[in-house]
2 protein chains.
Amino acid sequence: MAKVGGNTQSCGRGGRQRVSTHLDLEHVALELFTERGYEATTVDELARAAGVSRRTFFRYFPSKNDIAWGAFDRELERLRCWLRECGPGLAAMDAVRQAVVACNRLDADEIPWHRKRMALILRVPALQAHSTLRYVQWRQVIADFVAPRLGHPADSLVPQSIAYATLGVAVAAHEQWLAAEHADLPQLLDFALRELASGFTLPSLTGVRGA
Amino acid sequence: MAKVGGNTQSCGRGGRQRVSTHLDLEHVALELFTERGYEATTVDELARAAGVSRRTFFRYFPSKNDIAWGAFDRELERLRCWLRECGPGLAAMDAVRQAVVACNRLDADEIPWHRKRMALILRVPALQAHSTLRYVQWRQVIADFVAPRLGHPADSLVPQSIAYATLGVAVAAHEQWLAAEHADLPQLLDFALRELASGFTLPSLTGVRGA
DNA sequence: TTCCAATCGGCACCGGGTGTCATTAGCTTC
DNA sequence: GAAGCTAATGACACCCGGTGCCGATTGGAA
C-alpha cells in the first residue's frame with residue numbers, strides 16, 4: 001500500500017486514520033467500470049477490490065452514481081471564479097462561452113481520465129440520469145452570473161433558459177468530443193456556444209435547399 | 001369494479017383479460033404520490049391500492065419512475081407530426097418553436113393533471129433524474145427535424161445542440177409555469193423559445209445598467 | 001496511561017427490480 | 001360442453017443499492 005499523499009484529516013484532533021483515499025477508491029472503481037461495465041460491477045466488488053468494507057465505501061461516496069464525478073465541485077468553483085472575475089464589458093453570452101471554454105482546457109495527461117469519466121457519465125443510462133442532479137449546481141452558476149447583468153432574478157425565465165440552453169449545448173459538445181477520437185473539446189464548445197449565441201440562425205442553407 | 005373502457009387486448013386471440021388498466025394504475029399512483037409523497041410511497045402500497053400484485057404492477061410499468069409519464073409517447077408523436085407537416089418555408093427555429101408551443105396547448109380540464117404530473121417530474125429528484133432518459137427521444141425528434149434543413153447528420157454537433165438547447169428552454173418554461181399559479185404555458189414557451197432563437201441577445205439592458 | 005474522537009466493519013433491514021413457474025381465465029375449436 | 005391454446009396473474013426467491021445501528025479499532029491529546 002503506497003503512501004497516499006494529501007490524506008489530511010479534515011478537522012479537529014484525534015480519531016482514527018482513514019484507511020483509504022477518495023481518489024484511490026475512485027481510480028479502482030473507474031478501472032473496474034471500464035473493464036467490466038458499470039452495471040455489471042457491484043458495490044461489493046468495488047469495496048473488496050479497494051480493500052474496504054461495503055459500509056465504508058458508502059462513507060466515501062454517497063452513491064455508486066457519484067463515483068464518476070471526481071472533483072466536480074472544484075470544476076464548479078473554477079467556473080464561478082472565472083465568471084466572477086471577467087470584466088463587465090464582456091457581453092453575457094460571450095462571457096459564458098469563454099468561461100465554459102476556458103474551464104474545459106485540459107492538460108494532455110488528464111484527457112484519458114476525463115474521457116473515461118465522460119464516457120461513463122454520458123453513456124451509462126443510470127449515470128446519464130443521475131447527471132441531471134449534479135448539473136443543477138452548474139446551471140445555478142450560469143444563472144447567477146447572467147441574472148444581474150439582465151436585471152432579472154436568477155430563478156426567472158430568461159436566466160434559467162440561458163443556463164439550461166448553455167448546459168445542453170455544452171453536453172452536446174462533450175458528446176461530439178467523446179465520439180471523435182482526437183477531437184478538440186474547447187474548440188467544439190466554442191463553436192457550439194457561438195451558434196447558441198447567434199440563435200442557431202446559420203446563414204448556411206436558409207431556404208437554399210439545393211446545395 | 002367499474003367497467004373499464006378501452007381495455008382492448010392488444011393483439012391476437014385468446015388469453016386472460018387484463019385485470020386493470022394502465023390508466024387506472026396511473027391515477028391511483030398519482031393520487032398516492034401527491035398525497036403521501038413520491039419517496040414515501042412504496043410500490044407494494046401502489047399495487048395493493050390498485051388491487052394488483054407487486055409483480056403485475058411491474059408488468060404495467062417498467063419502473064416506478066415511469067408512472068408519471070403517462071402518454072408521453074403520444075405527445076412525442078404529436079410533435080413529430082406537427083414538424084413533419086409544417087411548410088418548408090418556415091425557418092427551422094421558428095418551426096420548432098411553433099411546434100413546441102402548439103403541442104403544449106392543453107384543454108382546461110387536463111391542466112390540473114398535467115400540473116400534478118409535471119410537479120412530480122420536475123421536483124422529485126428521482127424523477128428529475130429519470131426524465132433525462134425519456135427526453136432522449138424528444139431531442140431526437142427535434143434533431144431529426146432540423147438536421148436535413150441544415151444539411152447535417154442528425155447526430156452531429158449543430159442539430160444536437162439545437163435539440164439540447166430547445167429541450168432545456170422548454171424545461172425552464174415548464175418550471176416557471178409550475179411555479180406561478182395561473183401562468184400560461186404556451187405563452188411562456190413562445191417567449192423563451194424566441195429568446196433562444198435570438199441568441200438571448202436581448203436589447204433590454206446591454207450596458208445600460210441604470211434602469 | 002487514560003480519554004476522546006473519528007473511522008471502520010458487520011449486521012440487519014428496506015425498497016426497487018427481475019426470473020421463474022404454477023395458476024387462472026378467456027376465446028376458439030371440435 | 002369439453003379440450004386446448006393463449007395471455008395475464010400472483011407468489012416466491014433473488015439480486016443490488018442504500019441506510020441505521022453498534023461495537024471494535026486506531027490514533028492523537030491531555
Side-chain angles (χ1 to χ4, degrees), chain A residues 1 3-4 6-25 28-29 32-33 36-69 120 124-130 133, chain B residues 1 3-4 6-25 28-29 32-33 36-69 120 124-130 133:
Chain A
M1 191 77 57
K3 178 159 64 170
V4 283
N7 190 359
T8 47
Q9 290 292 89
S10 51
C11 65
R13 46 195 221 284
R16 183 174 173 175
Q17 223 80 330
R18 301 189 99 100
V19 68
S20 186
T21 320
H22 212 79
L23 207 65
D24 287 340
L25 296 191
V28 169
L32 284 185
F33 287 161
R36 304 186 200 174
Y38 180 81
E39 306 286 1
T41 311
T42 71
V43 175
D44 291 77
E45 292 172 322
L46 256 42
R48 225 155 44 81
V52 191
S53 87
R54 179 183 143 82
R55 192 62 185 85
T56 295
F57 184 91
F58 279 114
R59 291 199 182 94
Y60 281 78
F61 297 94
S63 81
K64 185 185 176 188
N65 288 335
D66 284 295
I67 303 174
W69 286 86
L120 288 170
V124 174
L127 297 181
Q128 208 177 325
H130 183 71
L133 303 179
Chain B
M1 193 75 58
K3 178 161 60 173
V4 281
N7 191 359
T8 47
Q9 290 292 87
S10 50
C11 65
R13 46 197 222 281
R16 182 174 173 176
Q17 223 80 332
R18 302 189 100 100
V19 68
S20 185
T21 320
H22 212 81
L23 207 65
D24 288 339
L25 296 190
V28 169
L32 283 185
F33 286 160
R36 303 186 201 174
Y38 180 81
E39 306 286 1
T41 311
T42 71
V43 174
D44 291 77
E45 292 172 323
L46 256 42
R48 229 158 38 83
V52 192
S53 88
R54 178 184 144 82
R55 191 64 184 85
T56 295
F57 184 91
F58 278 114
R59 290 199 183 95
Y60 281 79
F61 296 94
S63 80
K64 185 186 177 187
N65 288 335
D66 284 294
I67 302 174
W69 286 86
L120 287 170
V124 174
L127 298 181
Q128 206 177 326
H130 183 71
L133 303 179

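Values in this document were obtained by computation on a predicted structure and should not be read as measured data. The chains referred to below are lettered A, B, ... by the order of the sequence lines, with proteins before strands, and numbering in each begins at 1. Just so it is clear, the values below take in all heavy atoms, side chains as well, and ignore hydrogens, waters and symmetry mates.
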Between [N] atom [atom2] and [X] atom [atom1], what is the distance in whole Å?
X	N	atom1	atom2	value
B/Q17	D/dA7	CD	P	13 Å
A/R54	C/dC14	CZ	P	15 Å
B/R55	C/dG15	CZ	P	19 Å
A/F57	C/dT7	CZ	P	17 Å
A/H22	C/dT7	NE2	P	13 Å
B/F33	C/dG16	CZ	C1'	12 Å
B/H130	D/dG17	NE2	C1'	17 Å
A/R16	D/dA29	CZ	P	18 Å

Tell me whether the side-chain N/O atoms of [X] come closer than 4.0 Å to OP1 or OP2 in [N].
X	N	result
B/Y60	D/dA8	no
B/T42	C/dG15	no
A/T56	C/dG9	yes

Checking only heavy atoms, does the side chain of A/R18 share a donor-acceptor pair with the base of C/dT7 at less than 3.5 Å?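 Answer no: no donor N or O sits under 3.5 Å from an acceptor.
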
Check this for me: does the side-chain of B/R59 come within 3.5 Å of the base of D/dG10 through a donor and an acceptor?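 Under the 3.5 Å cut-off, the side chain and the base do form a donor-acceptor pair.
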
Of B/L46, B/L127, B/L120, the one forming a side-chain contact (heavy atoms from CB on, under 4.5 Å) with B/I67 is B/L46

Specify whether A/H130 and A/W69 have parallel, tilted or perpendicular ring planes, treating 30° as the upper limit for parallel and 60° as the lower limit for perpendicular. perpendicular

May I ask you to check whether B/N65 and B/Y38 show a side-chain donor-acceptor distance below 3.5 Å?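 Indeed, the side chains of B/N65 and B/Y38 share at least one donor-acceptor pair under 3.5 Å.
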
Between B/T21 and B/D24 (side chain of the first, backbone of the second, donor and acceptor by atom type, cut-off under 3.5 Å), is there such a pair? no

